> 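Below is the structure I would like to discuss, written out as C-alpha cells.
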2 protein chains.
Amino acid sequence: MSTLSDVAALAGVSISAVSRVLSNAPSSRVSGATRQRIEDAARELNYHPNFAARALKFSRTNVVALVVPDLTNAIFTELMRGVEEAAADLGYMVLLARAESMQPAAATMAKLVGEGRVDGVLVQVGDNTTSEDLAGILDGRVPAVLINSTRDDHVGSVILPDEAGVAVAVRHLVELGHTSIGLVNGLPTSDSASRRSVGFERAMTAAGLRINPAFVTSFGYDPQQGRAAMRTLSALAERPTALVVANVNAALGLLVEARTLGIAVPDDLSIVAIHDAWTAANAWPPLTTVRMPLYELGKISMAAIFDRIRSEAIDDVVVTDPEPELVLRESTARR
Amino acid sequence: MSTLSDVAALAGVSISAVSRVLSNAPSSRVSGATRQRIEDAARELNYHPNFAARALKFSRTNVVALVVPDLTNAIFTELMRGVEEAAADLGYMVLLARAESMQPAAATMAKLVGEGRVDGVLVQVGDNTTSEDLAGILDGRVPAVLINSTRDDHVGSVILPDEAGVAVAVRHLVELGHTSIGLVNGLPTSDSASRRSVGFERAMTAAGLRINPAFVTSFGYDPQQGRAAMRTLSALAERPTALVVANVNAALGLLVEARTLGIAVPDDLSIVAIHDAWTAANAWPPLTTVRMPLYELGKISMAAIFDRIRSEAIDDVVVTDPEPELVLRESTARR
DNA sequence: TAGGTTTGATCAAACGATTGAGCAAACGAT
DNA sequence: ATCGTTTGCTCAATCGTTTGATCAAACCTA
C-alpha cells in the first residue's frame, strides 16, 4: 500500500502537489512536466488513495448500508442488483446487513451510523415488522430511506406500485372468466400487504365482483405460510376458483400444498403470484406472475438515500416505470 | 457524532484519559472518580469511536469482502449466514460484493484492498471461472481465502466434502435398487464439479457399478443448464433410471423439463440433488437432497481469512463436520 | 530596472483516535 | 528533611489525505 508520500518522494515533489494532481483539482496550477512525473510515479507504485484517511477528512465514507430481513426473499436479488448498480454510478458501495429481526437491526444500524461506517441506511422492512418498531431506530439523526414501506415522519421511502400490480393479476383472472377470486396476502401488519389488500378490493370492485372475505387470507409471504393459506382455503365449503398470491415464494408453497391436497393447478384453481423470480419459471406448473419493478426499486432507493445524505430532502416515491407486467406461464386457465 | 474531545471537555479531562478509559487499556492508571466521570460523559453524549480514525490509526478496518458470483446460487444464503455470524464473533463486518464475471471482480477486489477498505477477501468462485482467472487477482499481496475452490499457490481455501456428498446420493440410489445412474454435473472447469465427478466415480465403483459415460453431463449448475441436461439424457436410446444432480437449482430446472417431456419423477426417474435449500421442499415432487455443511463452510471460511490476516498462515481446509446428510423427500423411488 | 502579477510549487493545520513519553503531585523510605 | 517511586494525568506525534495560506521565481508592464 503506497501513500502520497511515497509517490511524492518518487516524483521528487511535495505531497500537496501529488494530492492536487491525482484528485485533479481544478485550481491545481501544476506544470505539465510535473504532472506527468507524478502520474508516472503513481502508476508505478500502484497508488490508491487510502479509504480511511479520506473518510476521516471528509466525514463521509461513500458507503450505504442495505438492511434486509431475509436473503431468500423473492424481492431481494433484483433489489440488490438495482441498489448496487445505482451505488456504483454514484460512487458508493453497499454494505449488506441482514437482520432477521428488527431489534438487533436497530442496534446494528445505530452502530453503523454512530461509528461513521456508513453515510446512510436503506431499510427493507420485513413483513413481520411493524412500523412502530422502526420509530426508535430512525429518530431523525440517521439518513434513512425505507424500501417498500412508509412512515409519515422524517423518513423517506420508496415503494412499489402494489395496487397496480394486484390489479394486473385480478384483471387477468377476470378476463379468463373467473368471478370467485381469493387473495393470499402477507401479514396485515406489513405495509405492502395493506397496499395489496386495497389494490385487490379496488380491482374487484372495478370488475363488478364481490369479495368473499373467507377467500382472503393473510398468513405471510413465506412458502410455509402459503401452504397454510392453501389448507385454510381448501377446508372451505365453497372455494375460490382463482387466487392472487401476494408473493411468489408463498405461491410456491401453496402450489405444493395444492398438489398434496389433490387440487389441480390450473384446472381446479388458477394462480397468479406477485413478483417474478427464477423459481416461478421452474415450478410446476410454471407460475404466471406479475413482474414488479424491483430493479428500479433498488435504483431509485439508492438515488433517494443519496439525495437524503446530501440534503435534508425527504420524499416518498412510488416506482411507476416500468409498470407491473403480467408474465404469462401455465398456472392460470379459463373458467 | 460526538468525538473524544467532546467527551473530554464534558468530563473535564484530556482526550488521552478518555481514550484510555473507553478502550479500557490495561495500563490505564486512572482514578475511579475520573473513570466514572468519563464513562458518564461518554454515555451522555452517546459516544461511538469513529471508524475512519481507528482504521487510519491501525491500518485495519475489521471488514472483509465476500465476493460471490451470483446471489441466487443455492449455496449463497447459508454460506453468507455462516460468514456473518463468525464475523460478528470475531469483531468483523462483511462487505458483500457481487461479481457476475471475474474480470470486474478482480478490479473491484484490487480497489477494495488497494484503498484499504477491507482487510481481506473471501472469494466464492463461480463455476464458469477457471482457476487461472484468479491468479492475477491474488498475487500474494491480498489476504484471500477461496471458498469451495483450491489453488496450489499462496492462497488458502476452504472446501466442501463434495466427494462424500455425492457418495451419500449414490448410496441412497443404490439402496433403492438403481444400477443405471447418471450424473448431472457443473461445468468441467469448476473445481467443485471435478471433485463431485471424482466422488461419483468412486462411489459407483465402490457399489460395483459401471458408469455409462453418456449418462454424465456437465452443462452447469443453473436451472437452464439442468433443463439442457434433461433434454440430452432423454434423447438417449438407453436412459438412466436415476440421477445425481450436482446442484439443487439445476435439479429444479431438470424437474420442469422432465415434466415437459412426460418423464415421471420418481416413477420413471429418481433424482437426488446436492445442496438442500428451501426451494427443494417446495418443488413437485419435493426433492430428495444431500444437505452440505454450508453454514459451517461460511464460518470456517471466515475463521480462515481471520487467521490469514493476522499471520501468513495459509492452509486448505475441508469442512467435515457435520457430514453430508441425506434429506429424504419424494423424488426417489425403488427400482 | 523597479514594481506588480502570475505561475508552480510547498507549508502546515485539520479530521479523530491511539500511545509512548513526560511531568507534577503524592507517597514512602531512610 | 531529602530523595526515589508510584500515581494520575497531559503532551505531542502519528496514521494518510485535503486544502487554504504562503512564498520564491519567473514573467509582464511602464
Side-chain angles (χ1 to χ4, degrees), chain A residues 1-39 41-42 45-63 91 111-119, chain B residues 1-39 41-42 45-63 91 111-119:
Chain A
M1 301 309 97
S2 46
T3 70
L4 276 187
S5 332
D6 299 334
V7 178
L10 183 59
V13 294
S14 72
I15 57 169
S16 325
V18 179
S19 175
R20 281 188 236 265
V21 167
L22 296 183
S23 58
N24 47 54
S27 66
S28 39
R29 295 200 310 199
V30 182
S31 73
T34 308
R35 172 177 299 273
Q36 190 60 52
R37 261 185 307 135
I38 289 174
E39 282 168 352
L45 294 174
N46 188 30
Y47 171 77
H48 288 274
N50 182 269
F51 162 69
R54 307 193 82 199
L56 179 58
K57 189 73 192 150
F58 292 131
S59 313
R60 192 161 42 74
T61 56
N62 282 19
V63 175
K111 207 181 155 208
L112 286 173
V113 181
E115 293 180 348
R117 280 172 182 267
V118 301
D119 300 339
Chain B
M1 304 307 97
S2 46
T3 71
L4 274 188
S5 331
D6 299 334
V7 177
L10 182 59
V13 295
S14 72
I15 56 169
S16 323
V18 179
S19 174
R20 282 189 234 264
V21 167
L22 296 183
S23 59
N24 47 56
S27 66
S28 40
R29 296 201 310 197
V30 182
S31 72
T34 308
R35 174 177 297 274
Q36 192 60 52
R37 262 186 305 135
I38 289 174
E39 282 169 353
L45 294 174
N46 189 28
Y47 172 77
H48 288 273
N50 182 268
F51 162 70
R54 308 193 82 201
L56 179 58
K57 187 70 191 159
F58 292 133
S59 312
R60 192 159 44 73
T61 57
N62 280 21
V63 174
K111 209 183 154 207
L112 285 174
V113 182
E115 293 180 347
R117 281 174 182 265
V118 300
D119 301 339

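Everything numeric here is computed off the predicted structure, so don't read it as measured data. Chain naming here is simple, since letters A, B, ... match the order of the sequence lines and numbering starts at 1 in each.
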> So what is the 5' to 3' dot-bracket string for DNA chain C, if pairs are Watson-Crick or G-U wobble with both distances under 3.5 Å, crossing pairs use [ ] and | means the partner sits on another strand?
||||||||||||||||||||||||||||||
> Enumerate all atom pairs, one protein N or O and one N or O from nucleotides 6-8 of chain D, separated by less than 3.5 Å.
from: D/dG8; atom 1: N7; to: B/Arg29; atom 2: NE; distance (Å): 3.4
from: D/dG8; atom 1: N7; to: B/Arg29; atom 2: NH2; distance (Å): 3.4
from: D/dG8; atom 1: O6; to: B/Arg29; atom 2: NH2; distance (Å): 3.1

> Just to verify, what does B/Arg35 make a salt bridge (charged side-chain N to carboxylate O under 4.0 Å, His left out) with, not counting sequence neighbours?
none
> Rounded to the nearest 0.5 Å, what's the gap from CG on A/Leu22 to CD1 on A/Ile15? Could you check?
12.0 Å
> With heavy-atom distances below 4.5 Å as the criterion, would you say the side chains of A/Thr61 and A/Phe51 are in contact?
yes
> Without swapping roles, check the side chain of B/Ser23 against the backbone of B/Ser19 for a donor-acceptor pair under 3.5 Å.
yes
> Can you give me the closest heavy-atom contact between B/Val63 and B/Arg117, atom names plus distance?
CB-O, 3.8 Å
> How would nucleotides 11-18 of chain C be written as a contact map, 5' to 3', with B for base contact, S for sugar-phosphate-only contact and - for no contact, using protein heavy atoms under 4.0 Å?
BB-BBBBB
> With sequence neighbours left out, write down each residue that passes side chain to side chain contact (heavy atoms under 4.5 Å, CB included) with A/Asn50, or none if nothing qualifies.
A/Ala52, A/Ala53, B/Leu56
> State, yes or no, whether a side-chain contact exists between A/Arg54 and A/Asn62 at a heavy-atom distance under 4.5 Å.
no
> Are any non-hydrogen side-chain atoms of B/Thr3 and B/Met1 less than 4.5 angstrom apart?
no
> For B/Ser2, give me all partners under side chain to side chain contact (heavy atoms under 4.5 Å, CB included), at least two apart in sequence or on another chain.
B/Asp6, B/Leu45, B/Tyr47
> Quick one: OG on B/Ser59 to NZ on B/Lys57, what's the gap to the nearest 0.5 Å?
9.0 Å
